[in-house]
Amino acid sequence: MFEYIGRKILQAITSLGQITSLFLATLKWMFRKPFDTKNIVGQMVHIGYNSLPVIFITSLFTGMVMALQTGLTLEATLKGMSQFIGSVVSVSMTRELAPVLTALIMAGRIGSSIAAEIGTMQVTEQIDALKTLGTNPVHYLAVPRFLALLFMTPALVMFADFIGWLGGAIVSVLELETPFLTYYYNSKSALKMGDILSGLIKSGCFGMIIATVGCYKGFATSGGAEGVGKSTISSVVTSSIFILVADYFLTSFLNFTLHI
């Protein structure tokens, strides 16, 4: 039993070191020419634009259910308190829910795609062919995906902020019978620039996690089609765990160190 536990701990530490090494290598190659602008833009379209429908649905109904549950709870506590629902929805969405939910969706949709694409290239020896041609795989494969997730994840989070706020407004007006202007002004008075900035910083970090883990799992793939499947699943699980763990430490750092 102790041998098994020790082996798993060593494997986890080794994987963490390799992920960190890939992250540093990606940062190094990110600033080296040539810049594959076409590939980067293509990845941004795939990661950002094509993710809008699922982000829209998730954020809309998250905002709606938050407004409904919170509004009913406040009304049960004290009559008329549901008029402050706008402040609850706006702050919760921008600081926490929109960044985390968007990141988890991107880990499932994009992280798995990255792991599957690079993993397939690994088992079919296409990455070995790139090395033979003098092309660095990190520069050619990891950097465009890393940059696309770094920039598009915050953009999707801003979109999710607005849609979630709009979903809360719909429920507030139609279900809780709170005037829209009351909802709007309560949101405006409660929401600060630091709330928005906190969510954007978190989302940028989450995007880097998804890209790095997805690429690492792809490069580490072996064992044919079965190995690709395992790498895909492992990428989603690992990214999701890292996102949730990083969310706590980022929240602590932003609140207590930067006071955001």
Less than 6.0 Å separating the ring centroids of Tyr183 and Trp165? yes
All heavy atoms of Ala246 vs all of Ile209, minimum pair found to be CB-CD1, 3.8 Å
Determine whether the side chains of Thr232 and Lys217 contain a donor N or O and an acceptor N or O closer than 3.5 Å.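 Not at all, the side chains of Thr232 and Lys217 share no donor-acceptor pair under 3.5 Å.
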What I want to check is whether the side chains of Gln18 and Thr14 have a donor and an acceptor closer together than 3.5 Å. no
Starting from the C-alpha separation in whole Å, work towards a yes-or-no answer on side-chain hydrogen bond (donor to acceptor under 3.5 Å, both in side chains) for Asn39 and Arg145. CA-CA 9 Å; Asn39 193 5; Arg145 290 162 174 80; 5.2 Å; no
Thr212/Phe242 under side-chain contact (heavy atoms from CB on, under 4.5 Å): CA gap, chis, key distance, verdict: CA-CA 11 Å; Thr212 305; Phe242 280 6; over 6 Å; no
So Gln69 and Thr73, side-chain hydrogen bond (donor to acceptor under 3.5 Å, both in side chains) or not? Walk me through it. CA-CA 6 Å; Gln69 293 282 21; Thr73 302; 5.3 Å; no
Applying side-chain contact (heavy atoms from CB on, under 4.5 Å) to Phe23 and Phe146, what does each step give before you reach the verdict? CA-CA 9 Å; Phe23 174 74; Phe146 185 89; 3.7 Å; yes
Residue among Thr94, Val157, Thr153 satisfying side-chain contact (heavy atoms from CB on, under 4.5 Å) with Pro99: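 One option only clears the test, and that one is Val157.
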Thr102 side-chain N/O to Ala98 backbone N/O, donor-acceptor pair under 3.5 Å: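 Yes; at least one donor-acceptor contact below 3.5 Å.
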Between Ser92 and Val89 (side chain of the first, backbone of the second, donor and acceptor by atom type, cut-off under 3.5 Å), is there such a pair?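 No: the side chain of Ser92 does not pair with the backbone of Val89.
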Atom pair CD (Glu3) and CZ (Arg7), whose distance is rounded to the nearest 0.5 Å: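 Rounded to the nearest 0.5 Å, the CD-CZ separation comes to 5.5 Å.
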According to the ring-ring contact (aromatic ring centres under 6.0 Å, His included) rule, which pairs have a member within residues 41-93, sequence neighbours left out?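 For residues 41-93, and leaving out neighbouring residues, there are no ring-ring contact (aromatic ring centres under 6.0 Å, His included) pairs at all.
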